[in-house]
Structures are given as C-alpha cells and as structure tokens.
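Scroll down for the structure; my scribbles are underneath it.
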Amino acid sequence: MNRHARVLPVLLLAPLLLTACGSEKAAENASATDAGELEARAQAMGVAPELVYVTEAPGFTLAQQSVGVLGDDGFSATWVDGDTNALLRLAVDRGTITADTCPEQPVGDMAGEHTTCERDGDAWYRTGAGRHEYALPEKGHVVRVSAGTDAVPRDVLRAAALAAHRPDAAETDRLLPSADPAPASPVERGDLPRYGDGAPDNRVDVGG
C-alpha cells in the first residue's frame with residue numbers, strides 16, 4: 001500500500017471526528033444551560049436546586065399552584081387524578097431515614113400518629129394517619145411520595161415513587177415558574193388625555 005492510500009482514510013475520518021467533538025460540546029453546553037435554568041428558577045422560589053424532583057403516574061397531572069418550598073429549602077408538589085381527584089404528593093427534604101428513625105417520622109404532616117415501616121427494595125413503605133408513603137433515601141435527602149390510603153393503590157404509589165427523578169429542561173419549564181418576574185402592567189388613569197403632553201385633565205364640566 002502506497003503512502004497516499006494510507007493517508008486517505010485519515011483524511012476521510014477527520015470531518016467525522018470534528019463533527020463528533022462538536023456534537024459533544026453542544027450537548028455539554030445544553031446541559032449546562034438546563035442546569036443553570038433549574039438553579040435560577042429553584043433559587044427564586046427559595047428551594048435548593050438539588051432537591052427539585054418530578055414524577056409521573058397514569059391519569060395524574062401536576063397541580064401547578066401546589067409547587068413550592070418545603071421547610072427551609074425543600075421542595076413539594078402535588079399531582080391530581082382527573083377522574084377521582086385523588087392527590088399524589090411529592091416531597092423532598094434534607095435528612096435521612098433508617099430502620100431506627102423510620103417509625104419516628106410521621107407520614108405526611110400528621111405529627112404524633114403511629115407510623116409503620118416496611119422495607120421494599122431500596123425504599124421504605126410507610127403507613128400512618130390514613131395515609132401511605134414511599135420514602136427513598138438519597139445522598140443527604142429523602143424523596144417521599146404519599147397519598148391517602150384509600151385514594152391511591154399501593155402499586156400506583158410505588159411506581160410513582162420509583163419514577164421520581166431530577167427534571168430535564170422541558171420538565172423544569174413545566175414544573176417551576178419562571179425566575180423572571182412578570183412585567184407590571186401600567187395603571188390606566190382616567191384623568192390623562194390621549195393627546196397633548198399627558199398632563200391630567202382638570203377641566204370642570206358644565207354645571208360643575
């Protein structure tokens with residue numbers, strides 16, 4: 001094989017290598033932009049960006065007005081079943097959960113109620129005060145998905161808990177409100193004429 005034949009494959013591969021590098025760089029930039037948008041929106045709400053999660057369950061849609069801060073900088077949101085109006089709550093907060101501490105932590109917001117705990121894979125299935133919950137310990141925080149015991153079956157609750165994940169760009173846009181405040185609408189003043197220099201119209205009507 002002559003030298004020109006050996007050089008030809010290298011020349012043919014060069015554009016492909018440049019295209020691959022460009023694609024990887026674009027993907028990295030897009031990922032950084034997505035992370036920046038999530039961080040900006042979460043911090044505007046007072047939520048730690050690393051505590052923002054999203055989930056999904058068949059028939060359930062996000063109740064946008066429920067999205068908010070939990071505790072100091074945690075995150076919570078609720079999904080609603082369009083047919084039954086059952087509520088599925090996602091809550092993420094700092095802390096841990098173990099076999100020793102699980103019974104001490106109430107299910108939902110009902111402090112003082114008896115809590116039962118059952119290990120289910122990497123998660124804890126917990127019941128108490130008419131509610132049940134799946135709690136998944138993560139690094140430095142716990143992801144919880146809860147619902148009324150009679151409102152949402154355990155298998156649906158479990159699937160929603162296992163489906164909980166960090167949102168991508170599209171999910172962030174649907175989940176969190178914009179970090180930019182909505183522009184204020186100008187106040188309509190009835191005493192300002194539509195012509196001239198805009199000074200108030202102080203003319204007195206006939207008989208006034």
Side-chain angles (χ1 to χ4, degrees), residues 23-58 60-80 87-111 115 117-128 131-147 152 156-182:
S23 299
E24 291 178 1
K25 187 66 175 178
E28 290 176 1
N29 291 338
S31 178
T33 301
D34 295 346
E37 182 66 16
L38 169 60
E39 182 175 355
R41 292 190 180 207
Q43 290 180 344
M45 298 174 60
V47 175
E50 66 272 19
L51 302 183
V52 177
Y53 278 71
V54 67
T55 190
E56 57 186 15
F60 285 81
T61 56
L62 175 68
Q64 189 66 53
Q65 69 275 14
S66 71
V67 176
V69 63
L70 174 66
D72 292 333
D73 61 356
F75 175 77
S76 70
T78 299
W79 280 256
V80 183
L87 304 179
L88 193 67
R89 186 187 186 218
L90 168 70
V92 187
D93 208 357
R94 300 189 189 279
T96 59
I97 186 168
T98 65
D100 292 331
T101 63
C102 182
E104 302 171 358
Q105 301 181 27
V107 177
D109 302 320
M110 303 299 292
T115 300
C117 299
E118 173 190 334
R119 192 71 176 180
D120 189 344
D122 293 332
W124 288 97
Y125 175 67
R126 296 155 30 85
T127 60
R131 295 183 64 80
H132 58 165
E133 170 187 276
Y134 267 92
L136 293 87
E138 298 290 346
K139 187 175 181 180
H141 60 272
V142 181
V143 179
R144 307 172 190 269
V145 178
S146 63
V152 178
V156 175
L157 189 70
R158 184 178 189 274
L162 295 179
H165 62 278
R166 304 274 286 135
D168 60 22
E171 290 169 328
T172 296
D173 191 52
R174 292 191 297 267
L175 182 67
L176 303 180
S178 173
D180 299 324

Checklist entry - After noting the C-alpha distance and the side-chain angles of Ile97 and Arg144, does the key distance pass the side-chain contact (heavy atoms from CB on, under 4.5 Å) rule? => result CA-CA 11 Å; Ile97 186 168; Arg144 307 172 190 269; 4.2 Å; yes

Checklist entry - Does any N or O in the side chain of His132 come within less than 3.5 Å of the main-chain N or O of Val107, such that one atom is a donor and the other an acceptor? => result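 A pair under 3.5 Å: no.
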
Checklist entry - Quick one: does Arg126's side chain have a donor or acceptor within less than 3.5 Å of a partner on Pro106's backbone? => result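 At least one qualifying donor-acceptor pair exists.
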
What closest approach, in Å, do [X] and [Y] show between heavy atoms, and which atom pair accounts for it?
X      : Y      : result
Val142 : Gly95  : CG2-O, 3.6 Å
Leu87  : Phe60  : C-CE2, 4.4 Å
Ala40  : Ala179 : O-CB, 3.6 Å
Val145 : Leu157 : O-CD1, 3.4 Å
Ala42  : Val52  : CB-CG2, 3.9 Å
Thr101 : Thr96  : OG1-O, 4.2 Å

Look up atom [atom1] in [X] and atom [atom2] in [Y], then write down how far apart they are to the nearest 0.5 Å.
X      : Y      : atom1 : atom2 : answer
Asp120 : Leu162 : CG    : CG    : 7.5 Å
Arg131 : Arg89  : CZ    : CZ    : 7.5 Å
Leu62  : Glu56  : CG    : CD    : 12.5 Å
Ser146 : Leu88  : OG    : CG    : 7.5 Å

[Y] and [X], any side-chain heavy atoms less than 4.5 Å apart:
X      : Y      : value
Glu133 : Gln105 : no
Glu118 : Trp124 : no
Leu38  : Leu176 : yes

Item to check | Residues which pass salt bridge (Lys or Arg N to Asp or Glu O under 4.0 Å) with Arg94, listed by chain and number, not counting sequence neighbours | outcome: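 Result, salt bridge (Lys or Arg N to Asp or Glu O under 4.0 Å) vs Arg94: Glu50, Asp73.
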
Checklist entry - Are Leu136 and Asp122 close enough, and set up right, to give a side-chain contact (heavy atoms from CB on, under 4.5 Å), and what steps lead you there? => result CA-CA 7 Å; Leu136 293 87; Asp122 293 332; 5.9 Å; no

Item to check | Under the ring pair (Phe, Tyr, Trp, His ring centres under 6.0 Å) test, residues paired with Tyr134 that sit two or more places apart | outcome: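 Tyr134 satisfies ring pair (Phe, Tyr, Trp, His ring centres under 6.0 Å) with Tyr125 once adjacent residues are dropped.
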
Next on the checklist: Run the side chain to side chain contact (heavy atoms under 4.5 Å, CB included) test against Val69 and tell me which residues pass, sequence neighbours left out.
Outcome noted: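 Only Val47 meet the side chain to side chain contact (heavy atoms under 4.5 Å, CB included) criterion with Val69.
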
Item to check | Sequence-distant partners of Thr55, side chain to side chain contact (heavy atoms under 4.5 Å, CB included), two or more places apart | outcome: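 So Thr55 forms a side chain to side chain contact (heavy atoms under 4.5 Å, CB included) with Trp79, Ala160, Ala163, Ala164.
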
Checklist entry - In chain order, what residues pass the side chain to side chain donor-acceptor pair (under 3.5 Å) check against Arg41, with sequence neighbours excluded? => result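 Partners of Arg41 under the side chain to side chain donor-acceptor pair (under 3.5 Å) test: Glu37, Asp173.
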
Checklist entry - Quick one: side-chain hydrogen bond (donor to acceptor under 3.5 Å, both in side chains) pairs with a partner in residues 61-71, sequence neighbours left out? => result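 side-chain hydrogen bond (donor to acceptor under 3.5 Å, both in side chains) check on residues 61-71 returns no pairs.
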
Checklist entry - Would His141 and Tyr53 count as a close aromatic pair, with their ring centres under 6.0 Å? => result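 Yes, ring centres under 6.0 Å apart.
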
